[in-house]
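Beneath this line is the structure, given in structure tokens, with notes to follow.
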Amino acid sequence: MTISRIGIAGFMGSGKSLAATYLMSRGFAVFDGDAIAKKIMNSSQALQEGLIESFGSSVVNNQLVDFGGLGDRAFKTRASLEKLNSIVHPALKQYLLEFLPQQKGPWVLDAALLPLWEIEELFDCCLWVSAPVKDRLDRIQMRNNLSRDVIQVRMKMQEEIIMEPEGNRWIVLENQSTPDTFYELVRCVLSLTKEF
């Protein structure tokens with residue numbers, strides 16, 4: 001079986017982008033779920049109206065979403081995060097269902113919340129990237145200006161709304177070592193998967 005359509009998910013800081021970067025070096029086009037969601041939010045008046053209604057007028061300025069301000073409000077409670085997802089995910093899922101099947105050549109979708117969308121049929125295989133909490137926390141802190149306490153709250157909230165997925169389309173990758181070792185793990189898993 002040829003592996004040419006891959007979904008990558010995992011909690012924040014797990015190493016999803018590391019796996020995607022490796023696959024890009026192997027000729028895969030990489031689509032970033034967060035970037036696609038932001039593009040949709042910035043181009044949809046209906047979504048922006050939903051965001052304003054739920055999170056206040058300050059989250060949209062000149063028809064562009066203030067993603068920092070929206071994140072601060074959405075991650076206040078589990079209910080507010082679920083509200084954000086209920087506004088954005090239906091439109092994002094519909095976009096992906098139309099967009100991904102049209103793509104030629106090998107490609108990867110890098111999206112933390114992929115298991116919530118139930119679109120596994122679009123992929124030859126799905127990779128769930130797992131890593132120790134401390135490693136994830138350190139990685140997030142290195143790339144963001146958020147405090148460690150804020151990051152921990154966001155990590156916990158994300159873990160409450162999504163579970164490690166199960167099913168024969170999902171393969172769990174443990175990212176507990178150096179990037180080169182992780183790249184080798186990704187390569188080995190995909191090589192073995194091709195045989196089935």
Side-chain angles (χ1 to χ4, degrees), residues 5-24 28-42 47 51 65 67-68 70-97 99-100 107-123 125-146 150-167 169-176 179 182 185-186 189:
R5 303 172 303 168
I6 300 173
I8 300 178
F11 295 129
M12 57 180 72
S14 62
K16 299 179 303 299
S17 297
L18 197 60
T21 298
Y22 170 77
L23 291 167
M24 185 186 299
F28 284 76
V30 174
F31 303 113
D32 183 324
D34 286 341
I36 293 172
K38 288 177 179 178
K39 176 182 174 183
I40 292 171
M41 292 160 76
N42 274 333
L47 286 183
L51 294 174
V65 176
F67 293 108
L70 178 61
D72 290 342
R73 293 177 184 220
F75 276 94
K76 281 193 178 299
T77 66
R78 176 174 173 171
S80 58
L81 183 57
E82 289 176 339
K83 183 63 178 177
L84 172 63
N85 290 342
S86 73
I87 294 168
V88 177
H89 285 187
L92 177 58
K93 178 178 177 178
Q94 185 59 42
Y95 178 90
L96 294 172
L97 287 171
F99 171 78
L100 291 175
W107 52 261
V108 173
L109 175 67
D110 172 1
L113 303 182
L114 177 58
L116 293 180
W117 304 334
E118 298 180 342
I119 57 172
E120 285 89 347
E121 71 276 3
L122 294 178
F123 308 98
C125 77
C126 298
L127 306 178
W128 174 265
V129 182
S130 179
V133 171
K134 183 185 181 306
D135 291 352
R136 294 195 289 117
L137 182 56
D138 290 344
R139 289 178 195 138
I140 298 166
Q141 192 163 33
M142 281 195 311
R143 68 178 188 229
N144 286 298
N145 292 325
L146 301 172
V150 167
I151 294 169
Q152 286 176 314
V153 168
R154 292 189 176 192
M155 287 172 64
K156 184 176 185 300
M157 207 171 294
Q158 187 186 53
E159 290 163 12
E160 288 176 352
I161 66 168
I162 186 170
M163 303 281 291
E164 183 175 307
E166 299 177 346
R169 287 190 185 267
W170 286 96
I171 300 168
V172 177
L173 296 179
E174 297 288 344
N175 180 17
Q176 299 185 25
F182 185 56
L185 176 61
V186 175
V189 165

Heavy atoms from other residues, nucleotides or ligands near CD of Glu121 exceed 12 (cutoff 6.0 Å) = yes
Geometric class of the Trp107/Phe31 ring pair [parallel <30°, tilted 30-60°, perpendicular >60°] = tilted
message = If you apply the rule side-chain contact (heavy atoms from CB on, under 4.5 Å), what do you find for Val108 with Met24, and how did you get there?
response = CA-CA 8 Å; Val108 173; Met24 185 186 299; over 6 Å; no
key: Residue pair Lys134 / Asp138, side-chain heavy-atom distance below 4.5 Å   = yes
query = Can you tell me how far CG of Leu114 sits from CG of Leu109, rounded to the nearest 0.5 angstrom?
reply = 6.0 Å
message = Using the rule side-chain contact (heavy atoms from CB on, under 4.5 Å), only one of Leu92, Val65, Ile87 pairs with Met41; which is it?
response = Val65
message = Return the CG to CG distance between Asn85 and Leu116, rounded to the nearest 0.5 Å.
response = 6.5 Å
key: By side-chain hydrogen bond (donor to acceptor under 3.5 Å, both in side chains) - contacts of Arg169 (at least two apart)   = none
query = Do Gln158 and Leu113 pass the side-chain contact (heavy atoms from CB on, under 4.5 Å) test, and can you show the C-alpha distance, the side-chain angles, and the key distance before you say yes or no?
reply = CA-CA 9 Å; Gln158 187 186 53; Leu113 303 182; 4.1 Å; yes
note = Nearest heavy-atom approach of Ser14 to Ala131 is O-CB, 3.7 Å
ask   = Are more than 12 heavy atoms from other residues, nucleotides or ligands located less than 6.0 Å from atom NZ of Lys76?
value = no
request  = Classify the side-chain pair Ser17/Asp110 by whether it contains a donor and acceptor separated by less than 3.5 Å.
outcome  = yes
ask   = Do Trp170 and Glu164 have side-chain N/O donor and acceptor atoms under 3.5 Å apart?
value = no
ask   = Between Arg5 and Leu100, is any pair of side-chain heavy atoms under 4.5 Å apart?
value = no
Atom pair CH2/CE of Trp128 and Met163 - distance to nearest 0.5 Å = 9.5 Å
query = Mind checking whether Ile140 and Arg154 have side chains closer than 4.5 Å, heavy atoms only?
reply = no
ask   = If you measure from CD1 on Ile119 to CG on Leu96, what distance do you get to the nearest 0.5 Å?
value = 5.0 Å
task = Please round to the nearest 0.5 Å and tell me the distance separating atom CD1 of Ile8 and atom CG of Leu173.
result = 8.5 Å
remark   = Separation between CZ (Arg136) and CD (Glu159), nearest 0.5 Å, reads 4.5 Å
request  = Give the minimum heavy-atom separation between Arg139 and Gly13, together with the two atoms involved.
outcome  = NH1-O, 2.8 Å
inquiry  = Minimum heavy-atom separation for Phe11 and Lys16, please, with both atom names.
reply    = O-NZ, 3.4 Å
Over all atoms of both residues, closest heavy-atom pair of Val88 and Ala37 = CG1-CB, 4.4 Å
inquiry  = Under 4.0 Å between a side-chain nitrogen and a carboxylate oxygen: does that hold for Lys38 and Asp34?
reply    = no
remark   = In short, Gln176 meets Pro132 closest at the heavy-atom pair CG-CD, 3.7 Å
task = For the residue pair Asn42 and Leu47, establish whether any side-chain heavy-atom pair is separated by less than 4.5 Å.
result = no
inquiry  = If you compare all heavy atoms of Ser80 against all heavy atoms of Ala74, which two are closest, and at what distance to 0.1 Å?
reply    = OG-O, 2.7 Å
